[in-house]
Amino acid sequence: GLACGPAIIARWGCSLSDLAPDHPGHAIIADYIAQGCHTLFASAAVEEVVIGGGVAQTRGIVERVAARAAELDNGYLPGGARHAIIAPRLGTQSGITGALMLAEQAARA
């Protein structure tokens, strides 16, 4: 909830992508998301986290999140070399594509 679009607008009066690239908001939001990713790596042993949605459309945010998560890990987790934080491979079409695939599977069942 702290890193979603409405929360960002409530805090700074605009979206993350509308803030100047050097605005502290970018580091703050990247840190929030990185903490969530690191928690997933540590507690659920996932190897890849896909960051999507409107906030993830902000230029450089996924890379910032990945860098911050690596800092948080600091070599602690044994599988750290396999951890990845990425943008959706289908970009902004991921949600609709997934929904259509599920609809197709349901129609065949």
Side-chain angles (χ1 to χ4, degrees):
L2 294 173
C4 69
I8 293 167
I9 292 169
R11 185 171 188 172
W12 290 296
C14 62
S15 69
L16 189 62
S17 59
D18 289 337
L19 293 174
D22 61 344
H23 189 281
H26 292 273
I28 292 168
I29 297 304
D31 185 62
Y32 291 159
I33 298 170
Q35 288 179 48
C37 293
H38 189 261
T39 298
L40 288 170
F41 293 143
S43 63
V46 300
E47 293 185 0
E48 189 171 78
V49 176
V50 179
I51 304 293
V55 173
Q57 299 299 311
T58 302
R59 183 180 303 239
I61 196 69
V62 174
E63 295 79 9
R64 265 187 120 137
V65 169
R68 180 63 182 132
E71 289 174 3
L72 291 169
D73 180 62
N74 196 28
Y76 176 74
L77 297 174
R82 294 187 310 272
H83 295 160
I85 298 171
I86 62 168
R89 290 186 177 103
L90 296 175
T92 59
Q93 299 301 310
S94 295
I96 191 66
T97 302
L100 290 171
M101 291 176 74
L102 289 172
E104 181 181 37
Q105 286 176 357
R108 289 184 181 174

Would you compute the distance between atom [atom1] of [X] and atom [atom2] of [Y] and round it to the nearest 0.5 angstrom?
{"X": "I51", "Y": "C37", "atom1": "CD1", "atom2": "SG", "answer": "3.5 Å"}
{"X": "I85", "Y": "E63", "atom1": "CD1", "atom2": "CD", "answer": "10.5 Å"}
{"X": "I8", "Y": "I28", "atom1": "CD1", "atom2": "CD1", "answer": "10.5 Å"}
{"X": "I29", "Y": "L2", "atom1": "CD1", "atom2": "CG", "answer": "7.5 Å"}
{"X": "I9", "Y": "R11", "atom1": "CD1", "atom2": "CZ", "answer": "14.0 Å"}

Please find the pair of heavy atoms, one from [X] and one from [Y], that lie closest to each other, and give the distance.
{"X": "A34", "Y": "A69", "answer": "CB-N, 3.6 Å"}
{"X": "R64", "Y": "P21", "answer": "NH1-O, 3.8 Å"}
{"X": "I33", "Y": "A3", "answer": "CG1-CB, 3.7 Å"}
{"X": "G52", "Y": "P88", "answer": "CA-CG, 3.8 Å"}
{"X": "H83", "Y": "V46", "answer": "CD2-O, 3.6 Å"}
{"X": "D31", "Y": "R68", "answer": "OD1-NE, 2.6 Å"}

Joint cluster assignment, [X] & [Y], ILVMFWY side-chain distance < 4.5 Å:
{"X": "V65", "Y": "Y76", "result": "yes"}
{"X": "I86", "Y": "L40", "result": "no"}
{"X": "L72", "Y": "V49", "result": "no"}

Query raised in the report: Hey, is R89 close enough to E48 for a salt bridge, meaning N to O under 4.0 Å?
Result: yes
Requested in this report: Say whether, by atom type as modelled, one donor and one acceptor occur between the side chain of H26 and the main chain of A20 under 3.5 angstrom.
Outcome: yes
Requested in this report: Please answer whether the main-chain N or O of V55 pairs with a side-chain N or O of T58 as donor and acceptor at a distance below 3.5 Å.
Outcome: yes
Within a strict 4.5 Å, meaning less than it, do heavy atoms of the [X] and [Y] side chains meet?
{"X": "E104", "Y": "R108", "result": "yes"}
{"X": "Q57", "Y": "L16", "result": "no"}
{"X": "D73", "Y": "F41", "result": "no"}

